[in-house]
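Working notes, structure below.
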Amino acid sequence: MSKTTEIAKKKTATAKTKPRAEVGPAMFGRDIFVEALEREGVEVIFAYPGGASMEIHQSLTHSKIRTILPRHEQGGGFAAEGYARVTGKAGVCMGTSGPGATNLVTAIADAYMDSCPLIAITGQVNQAMIGRGAFQETDIIGVTLPIVKHSYLITDIKDIPRIVKEAFYIAQSGRPGPVVIDLPKNIQQAKGQPVWPTLEEIKKGLPGYTQPYLKADDIALNEIMGLIEKAERPVLYVGGGIITSGASAELKKFAEATNIPVTTTLMGIGGFPETHPLSLRWLGMHGSASANWAVNGEYQYRKSFNDPMVKMKDGADLLLAFGVRFDDRVTGKFEEFCKYGTIVHVDIDASELNKNRKANLPVVGDIKDALTRLNKLVAKRPIQKKHTAWLAQIAEWQKKGPFAYRITPEIANSDHMVDHMQGHENEVILQQMVVETLYELTKGEAYITTGVGQHQMWAGQWYKYKYPRQFITSGGLGSMGYGYPAALGVKVALPDKQVIDIDGDGSFLMNIQELATAHVEKIAAKAIILNNQHLGMVVQWEDNFYAGNRGHTYLGDPEHRPEIYPDYVRVCNSFGVKCERVMYKKDLRAAIQRMLDADEPYVLDVVTPYSTHVIPFIPAGKTVADMIWKP
């Protein structure tokens, strides 16, 4: 047999064993695109139509995908984020070209900062018009370039199946993030035969994308074990990576096996049960005093930022930083954070290692895989130390500096008391009371979303979260207006759960139009507005750093200050959504229960003082020696 014949036979055999690509019938580009979404398991899309995206909407009318019409593209983007954050699957939103696309930008940036899998689809003008300043044309690829994990401008109908599959794979794997798909109208209107690639084919076509396969080195994991065996005062500092990777159970097993206390970031809340004896709750600017002391040590409070730091008690000698990014709201002054401890940093994104805080042992790898293997090592080499003295010190700190509140002289003498509470001063509702009561009535089982501001911090402090993906908030970007649209997305994903947006009046107003979406789509997401008529967090900073001078932080009607403005009861009712206002403490518990009992969208407008501060408070860029922790 000749060599040529042998080669021919081998080629024939390979062709027989290789599966043939699945080829569909001729279809319009818009139909190929929607079928590609269906093949990725998309159940819901939050989409607002326009001239450059209406073709896709026509296809969606024939699809099994539920299309929810938000009343603003930003609301749709935040709703998609809420859906993604609570399910772990990519949320999908869509807008038309130009202003529709740019209205999605804040949600895209938010998803990028919080490592949230998001597919943002934008219609685009015809290819022949791109770059000519056409009506509603915007280079959304260029606009979003710094805030996406990846982006695509589809220029060939044949690429639709591959690009959609790639987009979902990239968005959901490794460190998740947003992917933009920009689809010109002429591609939507063209006809072609789709060729559907497999996931394995997609992976082979992305040779440079190795992040999903990164695993911690065995030597590094053994080094971690050695450090734990030597440590006297270890602390686990864990973040959103624990939740994203699905490593909560592995973390709990590891913490219990090693008897190491756990503190989380705001994004990591719920990754470790906050009711667990080893929980320190969360740390940072407004985190628990005990968590901040455990990581950094306890210092005398200094009256001036220029005074020397005087240490009273030692903090962690080993900090196990798992799935975190050393955000400035956690660390304060970077170089003072856990200054005297050995830092181990494990993260799937190598760019985060040594970026904000230098680690003694930086390790690249998926945290679920790392914890699974660490647990096996612990099983073989049980940790003998129980850290009894260290845990006793932490218990002392927890007793000394718990989350607490009181009616301060500033509250007692505030306009709120004068205008609304005269003769009923003992009936004043503090914001913390609201969240505390909600926690009691829901037994800690509700899913909570927030806007951004003081209410966000109180929602984190006064509700104890037991589950991953139970607390949904805009952590990195800090997007006001996030809370209620995100609650809609969460409720769509979890229709049988209580979903409540704890919000501020400033934040809630920014996307109040989504009440229409809730009513029309019958999405029974609830909202509690902690209404102090001010931008409360900015007011707190004004009080601390600007002698209380108000720089446009009052949100009410200055000519009618005693009135509550706007009237949320009337506004909500105009959307067909029930709302009631609560002014006195005696009415609070029953009102919250009525809200919980409702099987429809429901808003509580709870009137609160604007002079309440979030405590603890470490000023930005400062240290634990500057922490105000007594209310």
Side-chain angles (χ1 to χ4, degrees), residues 227-228 230-238 255 258-266 274 277-321 324 326-344 356-360 385-406 408 457 460-461 540 544-545 613-631:
L227 290 169
I228 293 170
K230 292 176 185 175
E232 299 292 336
R233 300 182 306 280
V235 171
L236 276 157
Y237 153 50
V238 302
T258 57
N259 219 32
I260 298 177
V262 181
T263 184
T264 74
T265 64
L266 195 74
E274 295 193 315
L278 287 171
S279 173
L280 298 170
R281 308 290 301 279
W282 50 286
L283 81 169
M285 179 178 281
H286 295 295
S288 75
S290 55
N292 285 319
W293 287 328
V295 169
N296 298 287
E298 184 181 0
Y299 289 78
Q300 284 183 9
Y301 177 71
R302 56 181 184 176
K303 294 180 180 177
S304 167
F305 298 143
N306 297 318
D307 290 345
M309 294 175 66
V310 180
K311 188 193 286 187
M312 297 163 64
K313 291 179 179 174
D314 288 327
D317 62 354
L318 175 64
L319 188 68
L320 301 172
V324 297
F326 290 88
D327 174 71
D328 62 290
R329 284 298 193 260
V330 164
T331 63
K333 192 173 184 179
F334 290 125
E335 57 269 29
E336 294 293 337
F337 183 73
C338 195
K339 188 174 184 177
Y340 302 105
T342 298
I343 296 176
V344 174
N356 290 338
R357 183 71 173 88
K358 187 171 175 59
N360 301 90
K385 291 180 182 176
K386 299 302 176 189
H387 312 118
T388 307
W390 176 229
L391 293 174
Q393 175 58 71
I394 285 171
E396 182 186 310
W397 279 329
Q398 288 173 322
K399 187 176 180 181
K400 178 178 180 177
F403 289 129
Y405 59 86
R406 66 185 178 92
T408 63
M457 300 298 104
Q461 290 180 348
Q540 178 168 336
N544 280 281
F545 309 118
H613 286 189
V614 182
I615 302 297
F617 176 38
I618 301 176
K622 304 306 177 186
T623 72
V624 73
D626 308 303
M627 178 171 65
I628 302 166
W629 57 274
K630 291 181 180 178

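The figures that follow rest on heavy atoms only: side chains count, while hydrogens, waters and symmetry mates do not.
For Tyr299, there are no ring pair (Phe, Tyr, Trp, His ring centres under 6.0 Å) partners, not counting sequence neighbours. Evaluation of the salt bridge (charged side-chain N to carboxylate O under 4.0 Å, His left out) rule for Lys385 yields Glu232 as partners, not counting sequence neighbours. Not a single side-chain contact (heavy atoms from CB on, under 4.5 Å) links Ala389 to another residue, sequence neighbours left out. Remark: Lys386 engages Asn259, Thr388 in a side-chain contact (heavy atoms from CB on, under 4.5 Å) (not counting sequence neighbours). Here Ser288 pairs with Arg281, Ser290, Ala291, Phe403 under the side-chain contact (heavy atoms from CB on, under 4.5 Å) rule; sequence neighbours left out. Applying the salt bridge (charged side-chain N to carboxylate O under 4.0 Å, His left out) criterion to Asp314, with sequence neighbours excluded, gives Lys311. A search for side-chain contact (heavy atoms from CB on, under 4.5 Å) contacts involving Pro402 returns nothing, not counting sequence neighbours. Taking the salt bridge (charged side-chain N to carboxylate O under 4.0 Å, His left out) definition, one finds that Lys230 meets it with nothing, sequence neighbours left out. A search for ring pair (Phe, Tyr, Trp, His ring centres under 6.0 Å) contacts involving Phe545 returns Trp541, not counting sequence neighbours.
Without hydrogens or angle criteria, Arg233 side chain to Trp390 main chain gives no donor-acceptor distance under 3.5 Å. Distance alone, capped at 3.5 Å, is enough to place a donor-acceptor pair between the Gln461 side chain and the Ile615 backbone.
Counting only residues at least two apart or in different chains, salt bridge (Lys or Arg N to Asp or Glu O under 4.0 Å) contacts with residues 282-300 comprise Glu298-Lys400. Contacts classified as salt bridge (Lys or Arg N to Asp or Glu O under 4.0 Å) and involving residues 619-631 (residues at least two apart or in different chains) are given here: Arg302-Asp626.
Here the side chains of Phe617 and Met285 are in contact, with some heavy-atom distance below 4.5 Å. In this structure, Lys358 and Phe326 have side chains that are not in contact, with every pair of non-hydrogen atoms separated by 4.5 Å or more.
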Do any side-chain atoms of residues 331-340 form donor-acceptor pairs under 3.5 angstrom with protein atoms, and if so which ones, sequence neighbours left out?
from   : atom 1 : to     : atom 2 : distance (Å)
Thr331 : OG1    : Asp327 : O      : 3.4
Glu336 : OE2    : Lys339 : NZ     : 3.3

